[in-house]
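Values below: all heavy atoms of this structure, side chains included; hydrogens, waters and symmetry mates excluded. A quick note: this is a predicted structure, and the numbers were derived from the prediction, not measured. Start at 1 and go down the list; that is how both ligands and their atoms are numbered.
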Amino acid sequence: MANVIFELKDVHFSYMGKYPALSGIDMTIDKGEKRAIIGANGSGKSTLLHLLDGLLFPGRGTITAFGKDVNERAFSDQAFSRDFRRRIGFLFQNPDVQLFCPSVKEEILFGPLALGEDKVETRRRFEQLIDTLGIEELLDRSPHQLSIGEKRKVAIASTLIIDPEVLLLDEPTAGLDPLTARHIIDLLVRENASGKTIITSTHDLHIVEEIADTVSVFSRDKKLVKSGPSLEILKDIELLQTHNLVHIHAHRHDGRSHVHSHEHPNHEHTH
Ligand SMILES: Nc1ncnc2c1ncn2[C@@H]1O[C@H](COP(=O)(O)OP(=O)(O)OP(=O)(O)O)[C@@H](O)[C@H]1O
Ligand SMILES: [Mg+2]
């Protein structure tokens with residue numbers, strides 16, 4: 001059990017009690033795992049990550065993190081809340097939700113300051129992150145005046161600077177140019193190699209093989225339909241098609257109609 005980070009049992013969640021978002025989820029995530037959460041729009045991926053971060057609580061069923069129940073009562077204990085916030089970092093799908101300081105620099109340093117982190121270590125991580133993300137020239141700007149990709153980079157820096165054990169990443173590469181996306185993936189893979197658990201929701205099957213050992217597929221009826229090794233899931237074209245993750249393309253070649261899937265999940269990597 002010491003190796004289990006999250007355990008979900010029969011978790012259900014509806015927004016305002018009437019918009020179902022997750023239905024009967026059983027799931028275990030171990031320490032050091034790389035897990036991808038994939039599924040169509042509205043299949044509950046973001047909701048799941050919010051539940052894992054203790055921002056929402058199940059209507060039915062239970063979630064434990066590090067062996068402790070995650071519920072509203074637990075968060076009324078300051079020691080629990082602080083420990084939880086220190087150990088788990090969340091990158092929101094929409095960076096606007098995450099950014100609230102007057103400058104990028106303050107934004108990135110807000111978390112470590114609030115948690116009373118060591119100043120020297122914070123400075124070291126700060127320098128490293130702005131270098132990796134190439135955001136030095138943004139430091140004095142207002143986070144709200146940045147492009148979407150720039151905002152996402154700032155949000156990534158403010159999540160990673162706390163050096164949490166677990167990273168919850170909601171579509172971390174959405175809106176990023178290919179080179180920046182590459183840097184972010186490399187960064188996340190390095191963080192995992194150094195022991196962090198990374199849980200990433202994505203639609204981008206091209207990054208799944210790198211950012212996940214295990215993939216969980218969610219369905220439009222908000223259920224977890226399958227979890228399995230990345231390569232096995234990526235090969236299952238029928239499963240991917242059923243869940244809007246690849247789409248069938250009808251083409252005419254040499255006068256003949258022919259159908260193939262648009263994505264190529266088993267593509268060769270060129271890096
Ligand atoms: N704030 C909200 N109020 C009401 N319903 C919501 C809210 N947020 C999400 N939902 C509903 O919950 C379901 C799951 O949404 P969620 O955002 O978790 O999906 P998702 O898999 O992350 O989708 P996407 O790929 O578009 O990000 C959807 O049917 C959605 O309409
Ligand atoms: Mg989402």
Side-chain angles (χ1 to χ4, degrees), residues 6 8-27 29 34-63 65 70-72 88-100 148-149 151-156 158-159 166-176 181 184-185 188 198-209 211-212 214-228 230 233-234 236 239-247 261-263 265:
F6 292 112
L8 287 77
K9 290 204 179 119
D10 195 32
V11 167
H12 292 252
F13 182 83
S14 303
Y15 288 91
M16 291 157 275
K18 59 178 173 181
Y19 303 112
L22 286 173
S23 175
I25 310 300
D26 291 302
M27 198 176 201
I29 296 175
K34 285 192 286 184
R35 174 77 65 118
I37 310 293
I38 65 175
N41 290 131
S43 58
K45 303 179 296 297
S46 295
T47 304
L48 176 78
L49 295 178
H50 282 79
L51 287 162
L52 297 181
D53 199 42
L55 299 172
L56 299 171
F57 302 102
R60 204 172 102 198
T62 56
I63 300 183
V70 178
N71 52 37
E72 274 163 297
I88 300 179
F90 189 20
L91 182 74
F92 287 82
Q93 182 168 4
N94 175 1
D96 284 323
V97 176
Q98 197 164 345
L99 305 172
F100 55 89
I148 292 174
K151 283 181 187 174
R152 193 173 300 283
K153 289 193 233 178
V154 173
I156 288 171
S158 55
T159 303
V166 180
L167 292 171
L168 305 171
L169 306 152
D170 203 350
E171 312 213 12
T173 56
L176 297 181
I184 304 289
I185 294 162
L188 298 176
I198 60 172
I199 304 169
T200 312
S201 121
T202 187
H203 290 117
D204 185 357
L205 296 183
H206 295 112
I207 72 169
V208 165
E209 196 180 323
I211 51 120
T214 307
V215 180
S216 296
V217 184
F218 283 72
S219 63
R220 265 157 295 192
D221 58 356
K222 336 290 188 201
K223 294 195 168 92
L224 170 55
V225 279
K226 191 167 182 184
S227 288
S230 310
I233 301 278
L234 290 171
D236 193 341
L239 176 76
L240 298 176
Q241 273 165 0
T242 308
H243 298 287
N244 288 16
L245 293 158
V246 291
H247 62 111
S261 59
H262 184 67
E263 293 264 2

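With no hydrogens or angles considered, no side-chain donor-acceptor pair links S201 and Q93 at under 3.5 Å. For the residue pair D221/S219, the side-chain donor-acceptor check at 3.5 Å is satisfied.
A 4.5 Å side-chain heavy-atom check between I156 and L188 finds every atom pair outside the cut-off. Within the 4.5 Å cutoff, the side chain of D236 has heavy atoms near those of the K226 side chain. I38 is listed as a side-chain neighbour of L205, based on a closest heavy-atom distance under 4.5 Å.
Around the Mg ion (ligand 2), protein atoms of type N, O or S found under 2.8 Å number 2.
The 4.0 Å heavy-atom shell around ligand 1 contains residues Y15, M16, Y19, P20, A21, A40, N41, G42, S43, G44, K45, S46, T47, Q93, E171, H203, K222, ordered by chain and number.
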- Task: Run the numbers on F13 and I25 for side chain to side chain contact (heavy atoms under 4.5 Å, CB included), then give the verdict.
- Result: CA-CA 10 Å; F13 182 83; I25 310 300; over 6 Å; no
- Item | Steps toward salt bridge (charged side-chain N to carboxylate O under 4.0 Å, His left out) verdict (R60, D10) | CA-CA 7 Å; R60 204 172 102 198; D10 195 32; 3.4 Å; yes
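The aromatic rings of F90 and F92 are tilted relative to each other, their planes meeting at an angle between 30° and 60°.
A salt bridge links D96 to K151: at least one charged side-chain nitrogen sits closer than 4.0 Å to a carboxylate oxygen.
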